[in-house]
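Taking it in order: structure first as structure tokens, then the write-up.
Treat the numbers as computed from the prediction; the structure is a model and nothing was measured.
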Amino acid sequence: MDHEVRITLRLPADLHEWLVAQAKSARRSLNSEILHRLEVGRGNVSVDDQSP
């Protein structure tokens with residue numbers, strides 16, 4: 001990533017809890033989990049890839 005942009009993201013509490021649990025089980029930070037899921041969703045990373 002050449003340039004990073006900060007955003008404020010509002011999530012429903014239950015979605016936040018779920019993401020935190022998923023991040024913990026994958027041993028990733030919440031930020032890395034969100035990035036990983038976005039990249040997988042757009043096809044940049046395989047589902048089995050453990051890197052953020």
Task: Steps toward side-chain contact (heavy atoms from CB on, under 4.5 Å) verdict (Arg37, Gln22) - done: CA-CA 10 Å; Arg37 289 177 176 278; Gln22 296 300 305; 3.3 Å; yes
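Not counting sequence neighbours, Glu17 has no partner by the side-chain hydrogen bond (donor to acceptor under 3.5 Å, both in side chains) test. The side-chain contact (heavy atoms from CB on, under 4.5 Å) check on Asp14 picks up Pro12, with sequence neighbours excluded. Applying the side-chain contact (heavy atoms from CB on, under 4.5 Å) test to Leu30 and every residue at least two apart in sequence or in another chain returns His16, Leu19, Val20, Ile34.
Atoms CG and CZ, on Leu15 and Arg10 in that order, are 15.0 Å from each other to the nearest 0.5 Å.
Scanning both residues, Ala23 and Ser29, for their nearest heavy atoms gives CB-O, 3.7 Å.
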